[in-house]
Amino acid sequence: MSLEDRQIALKAALEVDPGVSTWSARAAYFYLVILCVFCCSGDNGFDGTVMSGINAMAQYQQYFHMAAVGKSTGIVFGIYTIGSLTGAIPASYIPDKFGRRASMFIGNMFIIVGAAVTANATTRSMFIGGRYLTALASTSAKSYLAEMAPPQSRGRYLGYLNSFFYVGQMTASGIMVASGRWQSNNAWRVPLYVQMGPAALNALFIFFCPESPRWLYANGKPKEARTLLAKLHSQTGDINSPLVNLEIGEIEESVILDGADKRFWDFRSLFWTRQDRHRTMLVIMIVNYSKGAFGQLSGNGLITYFLPVLLANAGITSQNKKLTLNFVNSVTSFMGALAGSTIVDRIGRRKLTLTATGTLVAILAIVSALLSNPTTSPGRSSAGIAFVYLFMVVFSFGWTPIQALYPAEILSYESRAKGLSFLLVVVQAVGCINTFALPVALKNIGWKVYLIFLLWDAFEFVTVYFTMVETRGVSLEQIDEVFNQLNPRKYSLKLAEISKLEKKTSLA
């Protein structure tokens, strides 16, 4: 059956069985499952922001004899990258061997232990050790949700997953606005204690959630997989629904029971064919975990980790004001992420990414001009900071939904867990630029750092335009067939145009 035939079959199946009603009890159950998984994304947002905030606190700097920028700060931030690289090995094995839920549980336990060590640190070495343990956490939340969500709403759910990054940010920055006023060391210890919260919620409830249907099928449990799909995707809960039959048929064709997913050391599925190499290249460039090679270097890492430093460079020196503005950045970014997640299934992945990236280039040009000499007037400094905030809103709007959605979509089942763990290695290696080089660059060249990111974002735009494949409206198994075409990008755009015309015809 060709991909066009599969699209027609999916449309026909949805007409007979449109899926679970939005306000039904089974939908409510699925929302609770999603909320549990969202805690993993909240963990990530909390971690980056809490380090950004306490790095600006005089209480923290005095206790560990640190500065806001410099080599020592680079080590504290960079140890997280080293821990993530170490954690990539078990992350390639545990999800396929023991299931997606086990991966989330183990990862969040590392966060709990690491946060406890960091919050109780009495020496810089102990603090760095806690940061390393926290970084070992690598969960399969994106794979799990991509394999659980129905194809017609997969983009929205995965976009919301990554949007919860900002819920973690808001929680961390909001707590630090209050704790930053304390004169004791609890000013920076309390936020680190609170970091254990999202991880503890996920670890406590994840085994009350069902396992991924694709993992169940690949591990010899087809009946359980069919029952779960009927419960979560079918309006009537019928295991013989045409929608369930279609999904099971596609899973049966695509899941390789004795493939590379059974050998944790075997990464050949990422490079074996031209199609595999194309997928791997796209994920390396565009998105992975919470940041991809492009997402990591777009400028968001600069703002997420060093916003208080940027504010100081712009002439804002009050610790309380910097922490408050850090909180405001989390709120505005969250709003942008929710908006992008809501429309990603409507306008498509390519259009959203290209629109956002082009806008980021223009914003960085304005920021570079305004902050090149912010001391000339308070108005110029304020305008520059306003555009820094706008940058994060636009980034969150265009890139946050894609970061969670795209890698889980374009990697095939047998490559998904290993692909995400391997790409984590690549991305964390790229992330060394942010964690090790940025503190030194900010200290030495100041506002000129914005120019570097401006040029990189312009390169991103061109690369995305010529390589990114559209994946809107097709199942995970159908995406495999898109990459089997001679020119996947052109073929995906053709399918998107056909789908658009069909919608117009049905509305006429």
Side-chain angles (χ1 to χ4, degrees), residues 40-41 43-48 50-51 71-100 102-121 123-143 165 192 195-196 198-199 202-203 260-261 263-267 270 280 283-284 287-293 295-296 301 304-305 403 407 411 415-439:
C40 295
S41 186
D43 290 338
N44 295 329
F46 197 106
D47 183 83
V50 78
M51 283 307 303
K71 293 181 180 179
S72 298
T73 300
I75 293 172
V76 171
F77 280 91
I79 195 65
Y80 193 89
T81 299
I82 296 172
S84 296
L85 292 172
T86 308
I89 301 300
S92 69
Y93 173 71
I94 293 173
D96 286 334
K97 179 66 176 178
F98 300 105
R100 305 332 193 191
S103 170
M104 285 185 271
F105 176 81
I106 294 170
N108 281 296
M109 289 305 297
F110 272 113
I111 291 176
I112 293 169
V113 174
V117 172
T118 308
N120 290 286
T123 65
R124 189 187 300 179
S125 297
M126 185 175 176
F127 190 90
I128 291 173
R131 292 289 298 153
Y132 177 80
L133 289 173
T134 304
L136 289 174
S138 181
T139 71
S140 55
K142 294 179 177 67
S143 297
F165 179 92
L192 291 170
Q195 185 178 9
M196 293 185 280
N202 181 271
D261 56 310
R263 299 185 295 272
F264 73 91
W265 45 266
D266 191 346
F267 285 82
L270 298 176
T280 303
V283 181
I284 288 174
V287 279
N288 179 48
Y289 203 45
S290 62
K291 306 176 186 76
Q296 184 81 289
T304 299
Y305 286 98
Q403 285 173 340
L411 290 167
S415 301
R416 195 165 293 134
K418 290 184 179 61
L420 293 177
S421 64
F422 172 78
L423 295 164
L424 176 61
V425 173
V426 177
V427 169
Q428 291 298 335
V430 174
C432 289
I433 297 173
N434 278 345
T435 53
F436 287 106
L438 274 182

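We use all heavy atoms of the structure for the numbers below, so side chains are in, but hydrogens, waters and symmetry mates are not.
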For [X] against [Y], the heavy-atom pair lying closest together:
X      : Y      : result
Ala137 : Ile111 : CB-CG1, 3.4 Å
Leu192 : Ala119 : CB-CB, 3.7 Å
Arg100 : Ser143 : NE-CB, 4.2 Å
Leu136 : Gly83  : CD2-O, 3.4 Å
Ala115 : Gln195 : CB-OE1, 3.9 Å
Met126 : Ala121 : SD-CA, 3.5 Å

Quick one: pull up [atom1] in [X] and [atom2] in [Y] and give me the separation to the nearest 0.5 Å.
X      : Y      : atom1 : atom2 : value
Leu411 : Lys142 : CG    : NZ    : 12.5 Å
Ile128 : Leu133 : CD1   : CG    : 12.5 Å
Ile112 : Met196 : CD1   : CE    : 8.0 Å
Ile106 : Phe98  : CD1   : CZ    : 7.5 Å

Treating [X] as the side-chain partner and [Y] as the backbone partner, does any N or O pair qualify as donor plus acceptor under 3.5 Å?
X      : Y      : answer
Ser103 : Gly99  : no
Ser41  : Phe165 : yes
Asn108 : Ala203 : no

Problem - Step-by-step side chain to side chain contact (heavy atoms under 4.5 Å, CB included) determination, Thr86 to Tyr132 - result: CA-CA 9 Å; Thr86 308; Tyr132 177 80; 3.1 Å; yes
Exercise for the section: Take Phe110 and Thr134 through the side chain to side chain contact (heavy atoms under 4.5 Å, CB included) test and state the conclusion after the steps. Expected result: CA-CA 6 Å; Phe110 272 113; Thr134 304; over 6 Å; no
